[in-house]
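Chain naming here is simple, since letters A, B, ... match the order of the sequence lines and numbering starts at 1 in each.
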Amino acid sequence: MTHLLAQLFPPSVLRPMELGADASIVIATVAIAAFLTRKRRWGWLWREWLTTVDHKKIGIMYLIAAMLGLFRGGVDALLLRTQLAVPQNTFLGAEHYNEIFTTHGTIMVFFMAMPFIFALFNIAIPLMIGARDVAFPRLNAISFWLFAFAFLLFNMSFVVGGSPNAGWTAYAPLTELRFNPSVGENYYLLALQISGIGTIATGINFLVTILRLRAPGMTLMRMPLFAWSALITSSLIIFAFPALTVALALTMLDRLFGSSFFTIGHAGMPMMYVNLFWIWGHPEVYILVLPAFGIFSEVVATFSGKALFGYPAMVGSMIAISLLSYGVWVHHFFTMGAGAAVNAFFGISTMLIAIPTGVKVFNWIFTMWGGRVRTTCAMLWQLAFIPTFVIGGATGVMLAVVPGDYQFHNSYFLVAHFHNVLIGGVVFGLFSGLYYWWPKMFGYTLNERQGKWAFWFFLIGFWVTFFPQYLLGLEGMTRRIYIYPHGLGWSLPNLVSTGGAYAMGVGFVILVYSIAYSARHKDLDLTGDPWDGRTLEWSMPSPAPEYNFAVLPKVSTRDAWWTMKQAGRTSIRLGEIEPITLPKNTGMPFLLGLSFFVAGLGAVFSWWPVALAGLGGVLALLVWGWFVETGDHVIPAHEVRRSETLPGRLEA
Amino acid sequence: MIGQVQTDARERPLEFRDRRDNLAILGFWFFLGSDVVLFSCLFAVYAVFQGRVAAGPTPRQLISLGPVLVETVALLTSSFTCGLAIAAMRRGRTGPLAAWLGVTMLLGAGFVGMEIHEFATDVRLFGTWHQSGFLSAFFTLVGTHGGHVSFGVLWGAALLVLLWRQGLTPRVARRLYTFSLYWHFLDIVWVFIFTVVYLAGKIT
């Protein structure tokens, strides 16, 4: 018993910060449970949300998870910046600092950016291509619950057993068992493995959805750009994620089952891990940023009141980026010593990516050229993105110059660069999409005035945080150091950078407040088309009804909804509405996620009976799924007619 | 069109008739695509680790081709019998379908049994994979394939029960068809393992 307690609660989870987290987790859990009980909402929660196979509700759940991830990852970031604010600071110890930069990076990539992207895929893609549903609704729910339980598993490490501490890249031999015996890295390996299975399933799901379920007449070259970005991203996921699966699995075998892949002894080879990780890791960068490019392409066209400039070039450049992305991974470790020829190849291939990316930037600018630009919040994020991303891209090209990289490598210059592209590209894009599609999710728009406050705090905070970090890198400050002495010229830039990080935190708080405010003071969208949109999701009421389209649209051009509006063909004839068949809800995906969670937790602590019980549950649920069909339910035509009456487009 | 296919639905094979089954088959092809990448990574790891033997055995010392030839014949034959099962399914003959599927499962189980025996012998003679990077890569590449085959045996057995309980519906036909794709895929992977690991390992 004492052994078990020592295993679950080592000294690293008994520090004041962790105990504080324990207390807040208990209080929040009790408060939520009490609220659900008092309002008698447990049954509602299970029937309407936990068992849902509706892609829009799954998208909303991904969105909630992404905001939680942004909160946790953001708090981690503030803790790091607080420690670095002044020289010789003693706010965090070395070990604590290692743990927090590890969880910061891991959560931001896997449990913030990825679910945020899947949130917007789920909410927008089927609506944009005129589909009734995704190709595999139940698999979609399975993907979500694998992700959600993996997120839970990963976050547990903070308060039970200890956090991972080898960086978000988890390089060997930092992860080797004899150097790193705590269970923290096991959490990392198992949680990412479980969510990775869900991610591959999502990739397959959206690839099939986009290839096979487009509305009649919507050829590939008539698809909205966001659908193109989802198509390309899905194929990147399918062909890149297995490399991560292998990298994580082999590390897990080393740690839990005594193999010798990445060990220092027994002829292991840590460098092989680095290769496998980045064979996945570089395409992953484009898995994150291509959807943002897609969002910007929709937003810029809508708020410029013009068709996107250079559509075929936009599609071609995204395809070019996705192909090039498989051939650049070595640029993450030029200094590992692969030799001049190899480094030259990967340096050049990396610089080549700047060409299609530049094409895209020019096309976005030319879309605005001569247009009537409306500076809504969604559009502001797009406007901020262009210069930010261009600077981030330019420093990327600097890093791609191999001799230069020997200077920049692992310095704050690199840290500033990837935050510049990942925040300036991905996060700005996701915020833009959040504002853009929010009315389609919930039926009301977010408050624009508060949104602009959030935008300016976040944008200015972003530059104040990361521009000094370029300078720090050039001054020789390396990443992942937790303390630095006086007199190196690092003190002022670090203090400024920390101030910027807090400003970004204020921006986030304003955003969350604004969401709460907008939910209480609803600015209802009764038209279904609040932005004068161009694509099919704006042809239906807001929030999007369960069945998506009362009548599946027929498409003859790009920007199909715009064409329909121009031709005055926006109404739906009463007689066309027929009963609609949709899949029934099922608890199987939730239980499957739970079983994976049990299996993962068992493996983390090497409690093999628990792990086997979890895996048994997984197999039993899969077999159950083969034998028992969940079946469908039918929405009668009169219900469809009623919900379509609201935007006033129904005609007899 | 949703699941647009040119021919009349009734003229298509049973497993392609329903729209959802059609989608599932396409999705399964993409899954196999991602599994190709998984095995490619493991092959790459094996190629890099081939010479990293430390104090453990070299490939030449480890590998004995005798039992592997029997395993190979069993697995290749099972792919053939799996093909016969699907041919019987296309003609709607449930009896031969079940029989050939049963033979496929037996051959698959035999393959797994022989592989386990081979691994146990290896460990007895040369020690565990802790010994060297090479042994780790060898057991992981071959074992991942073996794990896939084992899962396939369980899957096939479950499908036999499903066929017995529900008969040859389009849904069951689709599940049998995707199973057969999976099974042939494992056969192809084995051809590469046999060549890259066993034959090349014995020569060099």
Distance-minimising heavy-atom pair for A:Pro270 and A:Ala172: CB-O, 3.7 Å
Engaged part of A:Phe257 at the chain B interface, taking heavy atoms whose separation is under 4.5 Å: both
Options B:Ser136, B:Ser34, B:Gly56, ranked by heavy-atom pairs under 4.5 Å with chain A, top entry: B:Ser136
Heavy-atom closest pair, residues B:Pro57 and B:Leu62: CG-CD1, 4.2 Å
Portion of A:Met269 that has a non-hydrogen atom of chain B nearer than 4.5 angstrom: both
Pair B:Arg20 + A:Asp632: basic N to acidic O under 4.0 Å: yes
Side chain proximity check, A:Arg255 to A:Leu177, heavy atoms < 4.5 angstrom: yes
Engaged part of B:Val53 at the chain A interface, taking heavy atoms whose separation is under 4.5 Å: backbone
Residue-level contacts of residues 192-200 of chain A with chain B, using a heavy-atom cutoff under 4.5 Å: A:Ile200
Neighbour count above 12 (heavy atom, 6.0 Å) for B:Arg90 CZ: yes
Reported CZ-to-OG distance for the pair B:Phe30 and A:Ser235, which is rounded to 0.5 angstrom: 8.5 Å
From NE2 (A:His266) to CD (B:Gln131), nearest 0.5 Å: 7.5 Å
Top contributor to chain B contacts, counting heavy-atom pairs under 4.5 Å, from A:Leu276, A:Leu207, A:Val623: A:Leu207
Close contacts, residues 172-203 of chain B versus chain A, judged by heavy atoms under 4.5 Å: B:Arg175
Separation of B:Leu26 CG from A:Ile204 CD1 (nearest 0.5 Å): 10.0 Å
Contacting moiety of A:Phe136, where chain B heavy atoms sit under 4.5 Å: side chain
Contacting region of B:Ala55 [heavy-atom separation from chain A under 4.5 Å]: neither
OG-CZ distance between A:Ser234 and A:Phe121, expressed to the nearest 0.5 angstrom: 5.5 Å
Audit row: A:Phe627, A:Trp624, ring pair (Phe, Tyr, Trp, His ring centres under 6.0 Å) steps and yes/no: CA-CA 5 Å; A:Phe627 281 84; A:Trp624 181 84; over 10 Å; no
Over 12 foreign heavy atoms within 6.0 Å of CZ, B:Phe80: no
Heavy-atom neighbours of B:Met114 CE exceed 12 at 6.0 Å: yes
Pair A:His282 and A:Phe346, ring centroids less than 6.0 Å apart: no
Chain A contacts, top residue of B:Trp29, B:Phe39, B:Trp155, B:Phe151 (heavy-atom pairs, under 4.5 Å): B:Trp155
Residue, of A:Gly268, A:Ala131, A:Ser259, A:Gly265, that accumulates the most heavy atom pairs under 4.5 Å with chain B: A:Ser259
Chain A contact via B:Val45 - which portion, at a heavy-atom distance below 4.5 Å: both
From OG1 (B:Thr169) to CG (B:Leu163), nearest 0.5 Å: 8.5 Å
Per-residue contact mode, A:Leu211 against chain B (heavy atom under 4.5 angstrom): side chain
Region of A:Leu619 that comes under 4.5 Å of a non-hydrogen atom in chain B: side chain
B:Arg165 atom CZ: more than 12 heavy-atom contacts under 6.0 Å: no
Structural part of B:Phe31 lying under 4.5 Å from a heavy atom of chain A: both
Approximate separation, where rounding is to 0.5 Å, of B:Gln61 CD and B:Asp122 CG: 12.0 Å
Ring geometry between B:Phe138 and B:Phe119 (parallel below 30°, tilted from 30 to 60°, perpendicular above 60°): tilted
Part of B:Phe28 within contact of chain A (heavy atom distance under 4.5 Å): neither
Contacting moiety of A:Ile279, where chain B heavy atoms sit under 4.5 Å: neither
